[in-house]
Amino acid sequence: MEKTPKWIDVALIPLLNLLIAFVISGIVVLLIGENPIEAIRVMVDGSLGSPYGWGYTLYYATNFIFTGLAVAVAYHASQFNIGGEGQATLGGLGVALVLLMVPWPNWYLALIGAMIGGAVFGAAWAAIPAYLQAKRGSHIVITTIMFNFIAASLLNYMLVNVLRPRGSMDPATARFPAATHLPTFHDMPLIGQFFGKSVPANVSFFIAIVACFLVWGLIWRTRLGFAIRAFGRSEPAARYAGISPVKIVMAAMLISGALAGLMATNNVMGEAHRLVLNSVEGAGFIGIAVALMGRNHPFGVFLAALLFGFLYQGGGELALETSIPRELITVIQALVILFTGAFDNMLRGPIEQFFVARANARKEA
Amino acid sequence: MQADQNTTKAGRQATAAPAAKSVATPTGAPAIELKGISKAFGTVQANKDISIRVMPGTIHGIIGENGAGKSTLMSILYGFYKADAGEIWIKGKHTQIPDSQAAISAGIGMVFQHFKLVQNFTVLENIILGAEDGALLRPSLNKARRELKRLAEEYELNVDPDEKIEELSVGHQQRVEILKALYRQADILILDEPTGVLTPDEADHLFRILNHLKDEGKTIILITHKLREIMETTDTVSVMRRGEMTATVSTSETSPEHLAELMVGRKVLLNVAKTKANPGRTVLEIENLKVRDEDGVERLRGINLQIRAGEILGIAGVSGNGQSELLEVLGGFANGTGTIRLNGEELDLTGKHSDGQSRRAKGIAHVPEDRHHLGLILDFAAWENMVFGYHSDPAYQKNRLVMDNAGITAHTQEAMNRFDVRPPIPTLPAKSFSGGNQQKIVLAREIERNPDLLLVGQPTRGVDIGAIEFIHKRIVELRDQGAAILLVSVELDEIRALSDRIAVMFDGQIMGERAPEDTDEKELGLMMAGVVK
Amino acid sequence: MDFATIVELLDSAVRLGTPLLLACLAGLFSERAGIFDIGLEGKMLMAAFFSGAVAAVTGSAWLGLMAGVGGALSLSLVHGMASITFRGNQLISGVAVNFLASGFTVLIAQSWFHQGGRTPQLSGSGRFEPITLPGAEAVKDVPVIGQLYDNLLSGHSILVYVAFAMVPLTWWVLFRTRFGLRLRAVGENPESVDTAGISVVRLRYTAVAITGVLSGLAGTYLATGLAAGFVKEMTAGRGYIALAALIFAKWRPVPALGATMLFGLLEAISNRYPNIDLGVVNLPIQFMQAVPYILTVIILAGFIGKAIPPRAGGQPYVKER
């Protein structure tokens with residue numbers, strides 16, 4: 001049997017790829033005349049060195065868990081959903097509309113309403129590309145990219161022409177009522193005492209963790225998950241088995257879009273308390289890196305989201321404390337996508353060969 | 001040295017070409033000589049120390065079962081793969097063939113089993129691709145047009161040079177491949193399973209061309225797994241088995257039985273032990289079934305068939321005459337028009353109840369022709385594959401939400417034991433099993449539910465001999481339990497051995513039905529060619 | 001709307017359509033060879049930065065051009081290695097290339113010039129100045145023809161003329177030369193090329209390199225022709241619009257000219273008239289900006305003819321086994 005141990009695929013190769021991405025990033029830092037070791041120290045200090053830092057790291061990680069799961073679910077159905085950005089944008093619109101139009105009595109009812117609003121809007125934005133892919137064979141990567149731009153224009157229009165409060169020059173909605181504000185880590189029993197008032201991490205973090213468990217159950221324990229994985233591996237076989245391609249593409253993409261849309265409970269409802277332009281800030285794209293890094297497994301996504309939460313927060317600190325712009329994080333993100341995604345075979349080939357050779361040598365001995 | 005012995009043995013026999021058959025007298029250096037060729041793909045040894053000599057002006061056959069390593073060997077000769085060890089000598093010269101360019105300049109042309117043509121290019125463009133005379137196309141196109149006209153007249157190789165490949169029939173596409181080789185002035189022509197896609201008539205035409213080429217002194221290597229083609233057209237023949245060359249003999253001194261024995265390593269018993277069928281009520285009735293493909297071409301043109309409980313109906317035919325479409329529409333993954341009744345109840349042929357789930361629910365099981373692309377998910381574990389298609393079955397659910405994975409694994413363990421799947425490890429992915437064991441997994445899944453109707457396509461393609469017998473036995477057992485069975489196979493021997501009735505398909509129609517004992521290969525062959533009804 | 005305004009709009013469409021045209025033709029070479037490229041945006045951005053930076057430092061637009069092309073080529077090489085050598089996912093590689101450019105340009109710009117991620121303003125020989133075609137001055141008062149010649153045809157930078165010349169040149173290379181035949185073949189069925197004894201890898205790298213050069217020209221035009229220097233994220237989605245135009249044009253050079261000029265015109269109109277009142281409906285600027293994307297989706301959905309990409313597109317070539 002030519003089989004390499006599983007830990008190589010799920011741990012060694014991703015970690016090595018990550019290492020390469022970091023080493024190259026370090027070289028870039030050297031190139032611009034800064035000290036990479038010092039940069040790491042600032043990043044770790046700023047993101048993990050204090051409850052304040054953790055409050056931000058976990059806030060960002062929450063965003064990335066949602067968008068990472070979104071990419072992962074679609075991936076299992078062999079759909080590359082590049083449209084997380086647009087779906088999360090629309091999710092924000094859904095959350096904002098729900099919170100502004102309904103007089104919610106308390107935050108948890110509001111949260112349920114917002115989750116429905118965000119998920120439905122996110123799913124709806126994924127539905128059109130999904131339908132066009134399933135029914136008309138339009139390449140979903142291109143259509144979801146196009147829908148990202150259309151989403152940006154739509155949000156721009158909604159904020160400038162429709163939702164902007166009278167007299168305000170700012171393209172943003174009115175503030176959400178105080179009753180809808182989610183408890184942050186500061187407001188929580190037990191852990192509240194560690195976190196300052198200003199940390200943005202909030203209950204959405206726990207919703208994200210629940211989402212990880214639900215996605216895991218969906219993919220590996222349910223009939224739908226079985227069908228999604230089967231379709232993702234082989235479309236002709238799925239058709240033979242009576243699994244409807246249209247149904248699977250739609251189901252996977254709607255779930256994917258809903259997950260991306262749910263991100264808005266964190267950034268729009270939990271943090272900004274209003275909807276502004278570009279509220280997603282690229283989290284939809286970071287979801288791609290997170291899913292790749294996490295091997296499309298919810299636990300991997302969770303870990304990778306923490307990593308990117310750290311990078312994001314650390315990158316912000318870096319921009320404040322040193323002269324390294326926060327775009328360094330974009331470079332690291334690009335390198336992670338490049339090495340864990342596109343250059344995956346570079347290490348995989350030699351490493352697998354090495355293990356096969358070793359296994360054979362052992363067998364012979 | 002084993003290799004040397006092989007070489008001399010093969011060489012002696014090959015040079016002793018039958019004077020009776022060949023007009024050309026092979027003298028001088030061999031056109032091709034391979035010495036000790038080995039090639040491994042991962043852990044699979046596709047070619048093991050193979051040596052062979054082919055004299056100029058002869059037709060040399062290479063015969064062996066699927067997966068014996070014939071195509072790999074020829075791909076090495078053509079520079080498509082690189083050998084791990086061994087030497088290639090062309091016309092007495094030690095020749096390095098690192099890529100196809102080198103093979104072409106050494107005068108080798110190859111017609112692959114799956115044509116290497118650009119579908120939306122014209123015939124001319126395909127012909128000159130890679131053999132252009134300069135940086136601009138026009139002179140090359142003009143030259144190719146003249147040359148094509150000459151070749152067409154000389155060898156009965158007529159094709160419209162301005163037609164796009166996608167508009168051509170398969171037979172004509174093959175002509176383009178041959179023309180490509182001739183345009184490059186190949187004097188050694190390799191053909192890999194050339195008749196698999198041809199009607200007997202087209203095949204005869206092909207062999208006329210090959211003989212003509214031979215008479216002109218060209219050397220031809222014919223790869224096939226069909227004994228009859230070897231016996232009728234070749235001068236010498238090499239037999240391959242499991243990556244090794246087991247013998248090289250001159251065709252006139254051998255017999256089909258002998259070759260078959262060399263191919264499989266022992267005498268093949270294709271006579272399946274079975275009693276006479278005892279057919280009961282009619283299970284499947286097909287009336288005027290028509291199917292169109294995506295391009296609107298009619299693939300089934302009014303099929304009428306009946307199968308009763310407890311009998312096997314075998315569908316014989318050259319592949320591509322509608323057998324696949326018949327299985328697809330019965331299995332619920334192609335739409336059609338007409339009437340199909342199962343146990344008297346009409347099946348939907350379009351719409352949402354025309355899918356695999358609905359068919360399974362009605363008692364139709366399906367062992368598909370292509371187990372790698374249809375029957376199995378190669379990355380899935382055996383236990384997942386064991387319920388694939390039946391995964392919504394209430395028996396496999398723990399509750400309304402989740403599947404009973406542990407229960408399925410236990411069930412798979414039992415089934416693997418009963419069907420002698422090796423290794424019997426339910427968590428192993430399907431791709432880690434051999435062809436025969438993969439097919440047993442599919443068979444176990446489909447047979448275990450005691451279907452009213454079993455559809456079986458190419459049940460033993462790429463399956464080792466031991467597993468073939470096992471699979472045949474299981475199919476007959478299911479028949480004896482009262483199931484109706486529709487068997488599709490391109491192996492005429494398999495059809496004849498298993499079927500209680502044989503229907504022959506040609507060009508989307510049933511040419512006729514025969515009882516196996518009332519017919520012979522010749523009559524079936526004529527029916528398969530559409531000549532006799 | 002008088003004639004002069006129309007000419008002005010068209011003139012502006014040509015300027016705005018030029019980077020799209022160059023990028024679209026860039027993508028055409030790559031995708032015709034079977035390598036999907038959603039990284040046009042990144043390559044343009046990289047070229048814009050390096051051309052702007054080098055032109056600012058040396059004061060030579062031509063040196064800037066070389067640097068810009070070099071920058072885009074380096075990303076082409078990355079994409080080529082990922083898609084050809086390591087047989088990775090071409091879409092993922094494209095995404096990575098875009099982010100790489102987006103981060104890297106600002107990082108380096110900040111480190112070199114300390115101007116918040118932009119390069120210094122270019123002037124004089126640092127930019128590709130408008131070229132006045134012979135006789136433009138003389139005929140500019142001749143109604144219609146003279147106006148068209150002077151305002152529309154004359155007075156563009158050299159790169160605009162290069163871009164337009166690239167259209168027939170691309171057509172000719174693709175359909176009249178040996179290289180073009182092989183390029184199209186490798187995008188449709190790489191096995192046909194491999195068995196004909198031609199290196200698939202070399203062909204595809206060549207195609208990807210041409211993509212690099214052309215997207216380099218596109219980015220250079222942005223920073224040294226259209227604008228006067230590099231600004232953070234200055235491509236602003238143009239790489240994606242070029243991709244949209246490529247699909248719109250069904251991977252053919254002459255329709256690519258039409259599609260990119262149409263999209264250029266849309267941008268010119270929305271720049272000039274933020275809100276268009278059609279009487280019945282009022283088209284907001286946001287709608288005008290989204291039109292190229294909406295059109296592309298409609299095309300992809302097959303409502304206006306079917307866009308069939310090259311058959312082997314997106315799949316790494318592995319010899320069958």
Side-chain angles (χ1 to χ4, degrees), chain A residues 28-29 31-34 80 82 128-129 131-133 135-139 141-143 145-158 160-161 282 285-286 288-289 292 323-349, chain C residues 36 38 42 78-79 81-83 85-112 114 116-117 232 237 240-241 243-244 247 284-297 299-303 306-307 309 314 316:
Chain A
V28 172
V29 171
L31 227 68
I32 59 175
E34 301 280 337
F80 188 19
I82 259 189
I128 306 168
Y131 181 83
L132 292 176
Q133 167 78 58
K135 281 282 189 186
R136 308 195 67 102
S138 324
H139 205 305
V141 171
I142 309 289
T143 46
I145 290 177
M146 298 299 143
F147 266 69
N148 285 339
F149 286 102
I150 300 172
S153 290
L154 179 64
L155 183 70
N156 191 318
Y157 175 78
M158 289 300 286
V160 173
N161 298 29
F285 293 115
I286 292 177
I288 298 168
L292 281 171
S323 54
I324 304 174
R326 63 171 303 134
E327 275 76 10
L328 174 65
I329 303 313
T330 313
V331 172
I332 298 178
Q333 172 196 343
L335 291 169
V336 169
I337 294 177
L338 195 65
F339 285 98
T340 57
F343 276 70
D344 189 55
N345 287 338
M346 183 177 73
L347 286 181
R348 185 174 297 274
Chain C
F36 280 167
I38 59 175
V78 169
H79 188 53
M81 275 168 62
S83 337
T85 306
F86 293 116
R87 296 174 187 144
N89 185 320
Q90 298 169 9
L91 300 167
I92 291 177
S93 167
V95 171
V97 160
N98 287 339
F99 285 125
L100 202 55
S102 156
F104 193 74
T105 50
V106 177
L107 219 56
I108 304 291
Q110 179 61 21
S111 156
W112 286 358
H114 307 287
K232 181 170 162 176
Y240 295 106
I241 296 191
L243 201 63
I247 296 162
I285 183 169
Q286 295 91 346
F287 177 78
M288 294 300 289
Q289 284 164 346
V291 163
Y293 308 113
I294 295 171
L295 277 180
T296 304
V297 171
I299 280 286
L300 273 168
F303 293 122
K306 194 91 184 112

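Proteins get letters first, then strands, A, B, ... in listed order; numbering begins at 1 in each. For the numbers below, each heavy atom of this structure counts, side chains included, while hydrogens, waters and symmetry mates do not.
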Can you label the angle between the C:Y293 ring and the A:F149 ring as parallel, tilted or perpendicular, going by 30° and 60°? parallel

Contact leader toward chain C among A:T143, A:N156, A:N148, where contacts are heavy-atom pairs under 4.5 Å: A:N156

Name the option with the most non-hydrogen atom pairs under 4.5 Å to chain C; the candidates are A:I128, A:I150, A:L292. A:I150

Contacts under 3.5 angstrom, residues 333-348 of chain A side chains, donor-acceptor by atom type, not counting sequence neighbours:
| unit_1 | atom_1 | unit_2 | atom_2 | d |
| --- | --- | --- | --- | --- |
| A:T340 | OG1 | A:V336 | O | 2.5 |
| A:D344 | OD1 | A:R295 | NH2 | 3.2 |
| A:D344 | OD1 | A:R348 | NH2 | 3.4 |
| A:D344 | OD2 | A:R348 | NE | 2.7 |
| A:D344 | OD2 | A:R348 | NH2 | 3.1 |
| A:N345 | ND2 | C:F86 | O | 2.7 |
| A:N345 | ND2 | C:R87 | O | 3.3 |
| A:R348 | NH1 | A:D9 | OD1 | 2.7 |
| A:R348 | NH2 | A:D9 | OD1 | 3.0 |

Hey, what do you get for CD1 (A:I142) to CD1 (C:I299), rounding to the nearest 0.5 Å? 13.5 Å

Supply the atom-to-atom distance A:I32 CD1 to C:F104 CZ, rounded to the nearest 0.5 angstrom.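 Output value for this atom pair is 9.0 Å.
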
Below 4.5 Å from any heavy atom of chain C, which atoms of [X] appear? Answer side chain, backbone, both or neither.
X      : value
A:I82  : side chain
A:L328 : both
A:F80  : side chain
A:N161 : side chain
A:L154 : neither
A:F147 : side chain

Answer with side chain, backbone, both or neither: which region of C:I294 has an atom nearer than 4.5 Å to a non-hydrogen atom of chain A?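 Both backbone and side chain of C:I294 come within 4.5 Å of chain A.
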
Which portion of C:V78 sits near chain A, non-hydrogen atoms under 4.5 angstrom: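 C:V78 touches chain A through backbone and side-chain heavy atoms alike.
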
Name all pairs fulfilling the salt bridge (charged side-chain N to carboxylate O under 4.0 Å, His left out) condition that reach into residues 323-334 of chain A, sequence neighbours left out, sorted by first residue then second. A:E327-C:K232

Any side-chain heavy atom of C:L300 sitting closer than 4.5 Å to one from A:L132?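 C:L300 does not reach A:L132 side chain to side chain.
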
C:I247 vs A:M146 side-chain heavy atoms within contact, under 4.5 Å: no

Among C:I285, C:L107, C:L100, C:N89, residue most engaged with chain A (heavy-atom pairs, under 4.5 Å):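 Max contact count across the listed options: C:L107.
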
